[in-house]
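None of the values given here were measured: they were computed from a predicted structure. Naming convention: chains lettered A, B, ... in sequence-line order (proteins, then strands); numbering from 1 in each chain.
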2 protein chains.
Amino acid sequence: MVQSRDAERTRSELIEVATEVFSEQGYSGARVDEIAERTRTTKRMIYYYFGGKEGLFLAVLEAAYRRIRDLEQNLHAGDLEPVDAIRRIAELTFDHHVDHPDFIRLVSVENIHRGRHMEKVESLRELGAPAATVLEDVLARGRASGELRADVDAVDVHMMISAYCVFQVANSATFGFLFGRDMLAPDVRERNRRILGDIVVGWLTAH
Amino acid sequence: MVQSRDAERTRSELIEVATEVFSEQGYSGARVDEIAERTRTTKRMIYYYFGGKEGLFLAVLEAAYRRIRDLEQNLHAGDLEPVDAIRRIAELTFDHHVDHPDFIRLVSVENIHRGRHMEKVESLRELGAPAATVLEDVLARGRASGELRADVDAVDVHMMISAYCVFQVANSATFGFLFGRDMLAPDVRERNRRILGDIVVGWLTAH
DNA sequence: CAATGTATGTACCGTTTCGTACATTAGCGA
DNA sequence: TCGCTAATGTACGAAACGGTACATACATTG
């Protein structure tokens, strides 16, 4: 293979392809040879840059979470009324999840392994904070005005939203099989998006 | 090993242990040798009874879903008022999920593989029906009395409840790591159980 | 333009892992 | 009790798989 050298491109291409393969096959199911074959480089580079299969997976996890965090920080719902802000956060989170199925599936894989890998990645600590603080602000304003209930915190709300959104992607195969509803179909997706907004608003405004 | 022969016990012990191992390690991560070692029989029996690793996984899936369905049919919330019935269904589903983490993790594993295995198990078709019909009944009564909103169906409600419950178990590792909240701790669990009820009731009664 | 370290390619090794051939034993019916 | 079949155990093979030794080419710098 006659091609100019580009360390950064080799690295990022490996991570990109590995993200796909790990999210398609799981950690153990992913094959180092397959990942290498799908890139324009060779297996050797995986060991050169990442030390091995696990190191590559760690790098994949880190890259995925970093992308997520960057997007989360662009939520800025500070200029909306609390109720509208809540709905908007829910809907953006929803879009975000269904637009990044690889990431969600990666999280599933990591959970199968009980988070054993992510514990090793220092940069992933305290990554949850941003998402929580945005919600905390909105909840505080809503409580002050009496529009939102006071007996739940930001983590409660975030968990609920995450649960609904993650489910759309992570469990579409089994749920679709059992209930004959394809959650990836555009119309269903649009409907579920609105439903999520209704759920969160209905929940938080009921008191 | 000098022990009396018992085909049924061998079979069921293999399925029991395989359920654990597959849910702990995923499909590819599970080792047939490890499964065999954890039982009182040998690897040979996996091939004798199930034909191979995949056949064993299929049997595990089938057994797990059958157990679930049996439990679901004992919901009988027919004698409660619609709003109370909804809350009760949500709470029982919640208990059910957190009490059977192996099953939930197995479902995650199967979703990683896009439901490829469960499609091969004939007996898993039309297994979603029971859960849906119970909800349909309650929703119909609630709509008639005007207590419950009319723009959602049983599958919508079931999806929401499932999403929240599955998340408790399937994503506890990553969520706990990122937000420092251990969803398996008894007090958190009890709190989330109540919150789920609030969410569903708040949602369905808001209109 | 030489020299040096980074980056890459090739071929191979040792182990793991699924699967199987073959032997053997327990129990049931005749 | 004898034989036959279902059930079980043992040992091993072939391929897959993660990883590495070694050779080499590129590019940057002095």
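With sequence neighbours left out, B/S108 forms a side-chain hydrogen bond (donor to acceptor under 3.5 Å, both in side chains) with no residue at all. Residues forming a salt bridge (Lys or Arg N to Asp or Glu O under 4.0 Å) with A/R114 (at least two apart in sequence, or on another chain): none.
For the pair A/E8 CD and C/dT8 P, the computed distance is 11 Å after rounding to whole Å. The distance from atom CZ of B/R44 to atom P of D/dA6 is 13 Å, rounded to the nearest whole Å. If you take CG of A/L56 and P of D/dG19, they are 10 Å apart, rounded to a whole angstrom. The interatomic distance linking A/M45 (CE) with C/dT8 (C1') rounds to 4 Å, in whole Å. As a whole-Å value, the separation of B/R9 CZ from D/dA7 P is 14 Å. Separating the OH atom of A/Y48 from the P atom of C/dG5 is a distance of 12 Å, rounded to the nearest angstrom. Rounded to an integer number of Å, the gap from A/R40 CZ to C/dG9 P is 11 Å. Distance A/K43 NZ to C/dC13 C1': 11 Å, rounded to the nearest Å.
Between A/R189 and A/D99 there is a salt bridge, with a side-chain nitrogen of the basic residue lying less than 4.0 Å from a carboxylate oxygen of the acidic one. Checked for salt-bridge contact, B/D156 and A/R181 meet the test: a charged N lies under 4.0 Å from a carboxylate O. Using a cut-off of 4.0 Å between Lys/Arg side-chain N and Asp/Glu carboxylate O, A/E190 and A/R194 are scored as not salt-bridged. B/D33 and B/R31 are not joined by a salt bridge, as no carboxylate oxygen comes within less than 4.0 angstrom of a charged side-chain nitrogen.
For A/Y49 and C/dT6, the shortest distance from a side-chain N or O to OP1 or OP2 is not below 4.0 Å. OP1 or OP2 of D/dG19 lies within a sub-4.0 Å distance of a side-chain N or O belonging to A/Y47. Here B/T10 reaches the OP1 or OP2 of D/dT8: one of its side-chain N or O atoms lies under 4.0 Å away. Remark: A/T42 is in phosphate contact with C/dG9, judged by side-chain N or O atoms under 4.0 Å from OP1 or OP2.
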Quick one: which protein N/O atoms are closer than 3.5 Å to N/O atoms of nucleotides 15-17 of chain D? Pair and distance per line, please.
from	atom 1	to	atom 2	distance (Å)
D/dC17	OP1	A/R31	NE	2.7
D/dC17	O5'	A/R31	NE	3.4

**Request:** Go through A/Y65 and A/R69 one step at a time and tell me if the side-chain contact (heavy atoms from CB on, under 4.5 Å) criterion holds.
**Result:** CA-CA 6 Å; A/Y65 270 108; A/R69 186 203 45 199; over 6 Å; no

